[in-house]
Amino acid sequence: MKIWAKTVKEEKIFKDVVFEYEQITNLDEFVATLQKICELLDIPTPVATYINLRHFVMFNNTRFKARDFIESVDFDMLDIEAVPDRKKK
């Protein structure tokens, strides 16, 4: 499975990355995957909660605003979206 992560500022995408992952079933796996994604984007890791995990599992998407980061960031939002695998015919 894949995750498309992007930083957004003033409704424009500044950085993005597609990251492949095995599965996310609990908060620890979600945070570990989020840390790897943030490392690839060269940004700090936000504070992730069960609500973020629940949104990701239920809606295949979760968002982190600038206030969710301990360090200051130069973007408005980090958007994490699961990309469904295409099945070959």
Does E29 have more than 12 heavy atoms from other residues, nucleotides or ligands lying within 6.0 Å of its CD?
yes

For the atom pair OG1 (T45) and CD (E71), what is the distance rounded to the nearest 0.5 Å?
8.5 Å

Is there a chain of hydrophobic side chains (I, L, V, M, F, W, Y, each step under 4.5 Å between heavy atoms) that links I24 to V83?
no

If you take all heavy atoms of C38 and P46, which pair is closest and at what distance?
SG-CD, 3.7 Å

Using the rule that two of Ile, Leu, Val, Met, Phe, Trp, Tyr join whenever any of their side-chain heavy atoms come within less than 4.5 Å, decide whether V57 and V31 are in one cluster.
yes

Would you compute the distance between atom CZ of F30 and atom OH of Y21 and round it to the nearest 0.5 angstrom?
10.0 Å

Is F19 linked to L27 within one hydrophobic cluster, defined over Ile, Leu, Val, Met, Phe, Trp and Tyr using a side-chain heavy-atom separation of less than 4.5 Å?
yes

Kindly work out whether a path of hydrophobic side-chain contacts (I/L/V/M/F/W/Y, heavy atoms less than 4.5 Å apart) joins M1 to L53.
yes

Linking I/L/V/M/F/W/Y whenever any side-chain heavy atoms sit under 4.5 Å apart, do F14 and F75 land together?
no

To the nearest 0.5 Å, atom CG of D68 lies from atom CE of M77 at 11.5 Å

Do you know the tightest heavy-atom contact between P44 and F69?
O-CE2, 3.0 Å

Give the table of side-chain donor-acceptor pairs shorter than 3.5 Å for residues 2-12, with sequence neighbours excluded, one pair per line with atom names and distance.
unit_1	atom_1	unit_2	atom_2	d
W4	NE1	D16	OD2	3.0
K6	NZ	D79	OD2	3.3
K6	NZ	E81	OE1	3.3
T7	OG1	K15	N	3.1

Evaluate the criterion side chain to side chain contact (heavy atoms under 4.5 Å, CB included) for residue pair L78 and L34; output intermediate values, then yes/no.
CA-CA 11 Å; L78 171 64; L34 185 61; 4.3 Å; yes

Measuring from atom CD1 of I43 to atom CZ of F64, what distance do you get when rounded to the nearest 0.5 angstrom?
9.5 Å

